[in-house]
There are 2 protein chains.
Amino acid sequence: MFSKSCEYAIRAVVFVATQNNAGNKLGIMEICKEIDAPQHFTAKILQSLSHNGIISSQKGPSGGFYLNKTQTRLKLIDVVRALDGDKTFTGCGLGLKNCSEKKQCPIHNQFKVVRDELLNMLSNTYVVQLAEEIEKGSAVLSNISGR
Amino acid sequence: MFSKSCEYAIRAVVFVATQNNAGNKLGIMEICKEIDAPQHFTAKILQSLSHNGIISSQKGPSGGFYLNKTQTRLKLIDVVRALDGDKTFTGCGLGLKNCSEKKQCPIHNQFKVVRDELLNMLSNTYVVQLAEEIEKGSAVLSNISGR
DNA sequence: TATTCACATGATTTTGAAAACATAGAATGC
DNA sequence: GCATTCTATGTTTTCAAAATCATGTGAATA
């Protein structure tokens with residue numbers, strides 16, 4: 001459904017949101033360890049997100065990634081769009097490059113319903129809301145058992 | 001969403017269904033040309049489908065792929081399951097290997113709604129019904145313009 | 001029964017996303 | 001200003017899906 005980049009990004013952003021209270025910033029190593037993601041790869045992803053204004057970053061000692069006031073209102077759709085673009089919501093279900101309303105694949109309309117449901121879900125889900133789930137302990141962000 | 005294999009498979013199966021009337025069988029070349037898919041790769045996919053009883057095949061002169069009586073009642077879900085397995089409907093949206101009802105990722109419930117919608121759609125869509133769209137001219141199976 | 005045709009099968013190559021590596025650059029704190 | 005700590009960037013490597021290649025096998029028919 002999503003690219004690996006996008007999966008790691010969502011997990012990372014949600015984790016950052018859980019720790020964003022006291023205004024403390026999170027380093028790459030800390031984030032990757034918690035969400036069980038490859039360090040260098042995830043670093044690039046977060047840098048890309050930072051570049052796109054999805055999250056904020058601070059260099060130097062005691063620096064790291066964090067969310068500014070505006071960014072705490074982040075939705076999942078923002079993260080997905082920044083990394084995977086619109087192709088998740090516009091691409092043809094059967095891989096036809098020219099598939100459109102005018103010249104459509106046979107499952108075009110049926111598929112549209114599913115994609116709209118996805119788009120709707122991502123548009124109505126806030127990152128902070130997911131962070132709360134983690135804080136409450138009703139959800140996890142890592143593969144590693146016991147965390 | 002689906003693997004390339006699955007995309008080619010659906011397109012191929014729908015095309016076979018459109019030509020299944022007079023009991024004539026379709027060769028690989030004919031199929032690949034029509035749906036604009038790589039020949040050898042698609043051959044393997046169809047052979048796999050044939051192996052799984054999704055479609056039928058006949059060797060020798062005037063042989064090819066076709067649907068027998070039972071197979072004309074094929075649903076999309078059958079094709080997807082045969083090639084991509086259940087991971088399309090069960091895999092975690094955030095890529096967590098251990099994600100389950102008990103230990104779930106933060107978007108588990110939201111994602112479930114979308115996946116169920118997809119599962120529902122695939123379970124209620126018949127291949128012959130899609131073939132009719134093609135025959136009517138209200139949908140296409142190829143990237144190539146003008147076909 | 002030999003030839004031809006078309007699917008079947010296994011090995012190999014290609015491709016691109018994913019991941020790792022190496023190095024540069026910038027900010028903080030002392 | 002200098003060391004430390006972190007982000008930024010470009011290159012290389014890895015790996016599995018995707019695609020190809022080469023050869024085998026069964027069926028039709030003359």
Side-chain angles (χ1 to χ4, degrees), chain A residues 1-12 16 19 23-33 35-68 83-85 87-88 91 94-95 97 143, chain B residues 1-13 16 19 23-33 35-68 80 83-85 87-88 91 94-95 97 143:
Chain A
M1 190 77 74
F2 305 124
S3 67
K4 277 287 168 195
S5 299
C6 206
E7 290 177 359
Y8 293 140
I10 294 175
R11 278 152 65 185
V16 169
Q19 307 291 311
N24 57 337
K25 306 170 183 69
L26 298 179
I28 285 284
M29 302 242 284
E30 197 175 354
I31 294 172
C32 291
K33 194 174 176 188
I35 69 173
D36 188 28
Q39 180 180 340
H40 299 286
F41 187 45
T42 308
K44 291 208 161 186
I45 295 165
L46 292 184
Q47 280 149 23
S48 169
L49 285 180
S50 170
H51 211 73
N52 281 285
I54 304 291
I55 62 176
S56 302
S57 68
Q58 172 74 51
K59 289 180 182 176
S62 81
F65 293 97
Y66 65 101
L67 302 178
N68 66 26
L83 290 172
D84 287 353
K87 67 170 187 288
T88 312
L94 298 187
K97 280 160 198 152
N143 281 312
Chain B
M1 191 76 77
F2 306 125
S3 67
K4 278 286 167 195
S5 298
C6 206
E7 291 178 358
Y8 293 141
I10 294 174
R11 279 152 64 185
V13 167
V16 169
Q19 306 291 311
N24 57 337
K25 307 173 183 67
L26 299 179
I28 285 284
M29 301 241 286
E30 197 175 355
I31 295 173
C32 291
K33 195 175 175 187
I35 69 173
D36 188 27
Q39 178 180 341
H40 298 287
F41 188 45
T42 308
K44 292 213 156 183
I45 295 165
L46 292 185
Q47 279 148 25
S48 170
L49 286 180
S50 169
H51 213 75
N52 281 285
I54 304 292
I55 62 176
S56 303
S57 68
Q58 172 74 51
K59 286 184 182 175
S62 80
F65 294 95
Y66 64 101
L67 302 178
N68 67 27
V80 175
L83 289 173
D84 288 353
K87 67 170 186 288
T88 313
L94 298 186
K97 280 162 199 152
N143 282 311

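Letters A, B, ... are given to chains in the order of the sequence lines, protein chains preceding strands, and every chain is numbered from 1. This one's a predicted model, so the numbers in the text were calculated from it and none came from an experiment.
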**Per-nucleotide protein contact string for nucleotides 16-28 of chain C, where B marks a base within reach and S marks sugar-phosphate only (heavy atoms under 4.0 Å, - for neither)** = --SBBB----SBB
**Item:** Nearest-angstrom distance from the residue atom CE of B/M29 to P of C/dA6
**Value:** 8 Å
**Shortest non-hydrogen contact from A/E30 toward A/K25** = OE1-O, 4.5 Å
**Asked** Within a strict 4.5 Å, meaning less than it, do heavy atoms of the B/C32 and B/Y8 side chains meet?
**Response** no
**Item:** Check: B/T42 side chain, B/P38 main-chain N or O, donor-acceptor pair, under 3.5 Å
**Value:** yes
**Request:** Kindly give the heavy-atom pair with the smallest separation between B/N68 and B/S56, and that separation in Å.
**Result:** ND2-OG, 3.5 Å
**Request:** Check every nucleotide of DNA chain D for an atom under 4.0 Å from a heavy-atom of chain A, then give the first and the last such nucleotide from 5' to 3'.
**Result:** D/dT4 to D/dT11
**Prompt:** So what does A/I28 touch, heavy atoms closer than 4.0 Å: a base, only the sugar-phosphate, or nothing?
**Reply:** sugar-phosphate
**Prompt:** Any side-chain heavy-atom pair from B/L49 and B/V13 closer than 4.5 angstrom?
**Reply:** yes
**Asked** Looking at CG of A/N52 and CD of A/Q47, how far apart are the two atoms once the value is rounded to the nearest 0.5 Å?
**Response** 12.5 Å
**Message:** Is any side-chain heavy atom of A/I31 closer than 4.5 Å to one of A/L46?
**Reply:** yes
**Prompt:** Counting distance only, does the side-chain N/O of B/D84 pair as donor-acceptor with the main-chain N or O of B/F2 below 3.5 Å?
**Reply:** no
**Request:** Please work out if B/L26 contacts a base, only the sugar-phosphate, or nothing of the nucleic acid, heavy-atom cut-off 4.0 Å.
**Result:** sugar-phosphate
**Complete:** When rounded to whole Å, the NZ to P distance for the pair B/K25 and C/dC5 reads 18 Å
